[in-house]
There are 2 protein chains.
Amino acid sequence: MSTVFLAKNKLIIIYGASLALLLLILKWLEYRFVVVSHSFEIYIGGIALIFMGLGIWLALKLAKPKVETVIVEVEKEVFINSNPDFVFNEAELEKLGISKRELEVLQLMSAGLSNNEIAEKLFVSLNTVKTHSSKLFEKLDVKRRTQAIEKAKRLSLIQ
Amino acid sequence: MSTVFLAKNKLIIIYGASLALLLLILKWLEYRFVVVSHSFEIYIGGIALIFMGLGIWLALKLAKPKVETVIVEVEKEVFINSNPDFVFNEAELEKLGISKRELEVLQLMSAGLSNNEIAEKLFVSLNTVKTHSSKLFEKLDVKRRTQAIEKAKRLSLIQ
DNA sequence: CTTAAAATCACCCTTAAGTATGAAGGAAAA
DNA sequence: TTTTCCTTCATACTTAAGGGTGATTTTAAG
């Protein structure tokens with residue numbers, strides 16, 4: 001308890017001790033002043049210097065440290081896989097009669113997946129994916145998946 | 001020149017002026033001391049307070065600020081699908097070692113053309129297109145043309 | 001409760017895509 | 001001048017993609 005008290009009030013104790021020491025020096029200087037009567041300016045100068053030093057020390061110890069914040073900008077590239085100004089063209093989707101599952105297949109096609117990978121991802125057979133893609137090509141009036149991707153992107157059916 | 005000098009030595013000038021003012025106060029207090037002979041302690045206390053204040057002010061003014069480095073990660077959004085502000089990533093193209101002809105094939109692939117159509121358009125044989133596309137896939141580290149298109153768009157190699 | 005569309009899957013077949021390997025001419029760099 | 005890369009093309013082969021047809025089950029709408 002007492003050690004904690006000492007540690008917490010360390011600065012105050014040091015400051016108090018310093019003041020006591022200063023008073024002693026003052027008394028001694030006063031005595032000297034009485035003996036050597038014409039050293040008044042030196043005495044005042046000493047007091048001034050000591051208290052200025054104390055002020056500096058106090059300020060440096062107690063003042064909140066000035067913090068100069070240096071902002072280092074670290075560029076972190078974030079690839080956005082979605083166009084911010086992408087608006088899904090639901091009207092066109094309905095107009096073409098493309099179903100939910102077909103759209104899913106289309107999106108995965110566009111991501112570069114093969115029919116087999118799409119089948120695995122959607123937990124259906126390869127044949128199912130082929131059926132979906134075939135119907136998709138009919139509805140989009142295209143012949144290949146690459147054309148389907150190009151057209152779907154152009155029509156804002158996919159991002 | 002003189003204004004610059006004044007600005008640069010502002011602190012020193014202010015400090016000098018403060019010292020001059022203090023000397024005046026000192027002299028005045030000295031006069032008071034002569035008149036009212038028993039106010040010595042008050043005089044000393046005043047000196048002490050003034051110089052301590054000066055010390056504190058000096059310390060606060062002249063103290064070197066602690067430099068705190070704050071690393072701020074600035075997310076640099078890299079949009080890849082937006083057509084209007086498309087910037088061709090030539091650096092990435094060179095980095096991957098993709099040739100002019102390979103880029104042409106890539107662009108036509110992305111437009112939805114088949115290898116045969118690309119061959120016709122570029123007046124080369126189907127085998128040549130296949131060679132180009134194979135090397136393209138190697139360089140892009142992909143396995144299919146749909147993947148190549150997706151990655152190339154992501155890297156801003158094509159629009 | 002029908003009915004139609006959607007989703008699922010299968011089989012067979014054709015075509016396209018992609019791999020591997022080799023080769024030859026041309027242009028630019030070492 | 002040699003070397004390297006690009007471009008071109010060929011053959012043979014494997015795998016993926018796509019078309020056609022038919023069938024079953026599920027789901028949502030009339």
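None of the values given here were measured: they were computed from a predicted structure. Residue numbers begin at 1 in each chain, while the letters A, B, ... track the order of the sequences. Keep in mind that the numbers below use all heavy atoms, side chains included, and drop hydrogens, waters and symmetry copies.
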**OP:** By nearest nucleotide on DNA chain D, pick out whichever of B:Arg144 and B:Arg101 is the more 5' one.
**Re:**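 Closer to the 5' end of DNA chain D: B:Arg101.
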Compare all side-chain heavy atoms of [X] with those of [Y] and state whether any distance is below 4.5 angstrom.
X	Y	result
B:Thr128	B:Phe123	no
B:Arg101	B:Val124	yes
B:Ile158	B:Phe88	no
B:Arg144	A:Glu117	yes

Original post:
Do B:Leu126 and B:Leu113 belong to the same hydrophobic cluster, where Ile, Leu, Val, Met, Phe, Trp and Tyr are linked whenever their side-chain heavy atoms lie under 4.5 Å apart, directly or via other members?
Top reply: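 No, because B:Leu126 and B:Leu113 fall into different hydrophobic clusters, even though each may have its own neighbours under 4.5 Å.
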Subject >> Inter-residue atom distance B:Leu108.CG - B:Lys121.NZ, 0.5 Å rounding >> reply: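 Going from the CG atom of B:Leu108 to the NZ atom of B:Lys121 covers 6.0 Å.
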**OP:** Indicate whether the side chain of A:Gln107 and that of A:Ser110 have a donor and an acceptor atom separated by less than 3.5 Å.
**Re:**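 No pair is found: no donor N or O on one side chain lies under 3.5 Å from an acceptor on the other.
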**OP:** At the 4.0 Å heavy-atom cut-off to chain B, mark where contacts on DNA chain C begin and end, going 5' to 3'.
**Re:** C:dA17 to C:dT19
Original post:
In whole Å, what is the span from the CG atom of B:Leu96 to the P atom of D:dC6?
Top reply: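 To the nearest whole Å, that distance equals 13 Å.
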Subject >> Partner of A:Lys151 by side chain to side chain contact (heavy atoms under 4.5 Å, CB included), out of A:Leu106, A:Asp141, A:Leu96 >> reply: A:Asp141
**OP:** Please work out which residues in residues 102-138 of chain A have a non-hydrogen atom less than 4.0 Å from an atom of DNA chain D and list them by number.
**Re:** A:Ser114, A:Asn115, A:Lys130, A:Ser134, A:Phe137
